[in-house]
Amino acid sequence: MDKEIFDLINKENIRQNEGIELIASENYASKDIRQACGSILTNKYAEGYPFKRYYGGCEFVDDIENIAIERVKALFNAKFANVQPHSGSQANAAAYRALLPDGGKILSLVLNDGGHLTHGSPVSFSSHFYNFVHYPLNNGKLDYELLRKVALEEKPNLILAGFSAYPYIIDFKRIKDICDEVGCLFMVDMAHIAGLVAAGVHPNPVEYADVVTSTTHKTLRGPRGGIILTNNEELAKRINSAIFPFYQGGPLEHIIAGKAICFKEASSPEFKKYAQSLVENTKACRDKLQSLGAKVSETEVHLFLLNVLDTFGITGLDAQKRLEEIGVTTNKNMIPGDSLKPNKTSGLRIGFAAVTTRGCTKKDAEDIGELIYLYLSNSISPEEAKKKVKSIVSKWKPIEEI
Ligand code: DSN
């Protein structure tokens, strides 16, 4: 056994079990999913697609990938699916390639306002291969009339919706109507809300968008990876070629097996209850923070933004570090219109996907809100805060049992 690595895995296991995980894009995959992802399937090369591979010996991985495809199609009511993207970034790269020529114009939300690196950030491939322009938010919220105005002025080839730090439900039909008026394509990156969509607590973009991409490890609670969905057969062919052979080589069949299990779990009545509790817990924590005097965004989904600069007079970076010291994990995040740089920020992004999986109740969520407020306002000591974290976490399921 490689002691050096397994000792570190054990330490990470303890960190995950003993901490309160509030990073909005994280979750805990089930034992079945983790077992499939750590299985001997990692040994198999399977370039190509089910029943059309470049290698022999693919009969079992063909069935696994085919089951994953059928399950995700049923889960999101899509006609075509590609389950091979190694991550959300690859899924987005392939979707752009399938939808647009190089240099095509994409209208998206900028990263600083809650978008994603692959939605046109200067440090991502996306802004190098495509011409991105952005729509603004109005007071932290999508203003569909403003979006329409910008779209009519810019005349993009594609409008992109779906965000990484947006606390409201998105009206996909409204954006689709704008796309139709402008005469452009519509793509949704639903990575953050995929679990809510699967559970029916957020509208499904597949009905409206030409292409929908997602990761599988955020609210969907699967293994780390991506998917691409469409109802258009011609686009489905272009997406497949854009993933393999254009952007990727051999698919990760062990991860695809984990994805297949995730899609089955996400179609269960228990998952629906999970997603409902997730939204309730997020709101309970947010409301508690507000009642204590914190400046917080609203929330209708699995996350909200806490303005730590206005509330506690510290940066997002400092707040993240201080909370980490007591075992509460969050990430610094820009607040729309933020005056500070992305490596400092005025805010924290707080999400309840992971802790709700472990059994966090509404009362726990309120207690977490109170704990964050008291600790960041220096009203309780680190020792008292750590004790509180321990007492909350001690009621939850160990991560091995999920
Ligand atoms: N967008 C990042 C997040 O939400 O954490 C992941 O790519």
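Whatever order the structure lists them in is the order used to number ligands and atoms, beginning at 1.
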Arg97 NZ/CZ over Tyr247 ring centroid, <6.0 Å and within 45° of normal: no

Flag side-chain contact, heavy atom, 4.5 Å: Met190 against Ile193: yes

Those atoms of ligand 1 less than 4.0 Å from some heavy atom in His192: 3 (C), 4 (O)

Atoms in ligand 1 with a heavy atom of Ser164 nearer than 4.0 Å: 1 (N), 4 (O)

Protein contact of atom 7 (O) of ligand 1 - nearest heavy atom, named by residue and atom, plus distance: His116 NE2, 2.9 Å

Considering all heavy atoms, the nearest Pro167-Leu303 contact: CB-O, 3.6 Å

Stepwise salt bridge (Lys or Arg N to Asp or Glu O under 4.0 Å) check, Lys176 with Asp180: CA-CA 6 Å; Lys176 169 67 178 154; Asp180 287 345; 3.0 Å; yes

Ligand 1 versus His119: contacting region, heavy-atom distance under 4.0 Å: neither

Arg238 CZ: over 12 foreign heavy atoms closer than 6.0 Å: yes

Close approach of Glu26 to ligand 1, heavy atoms, under 4.0 angstrom: no

Close N or O approach (Ser25, ligand 1; < 3.5 Å): yes

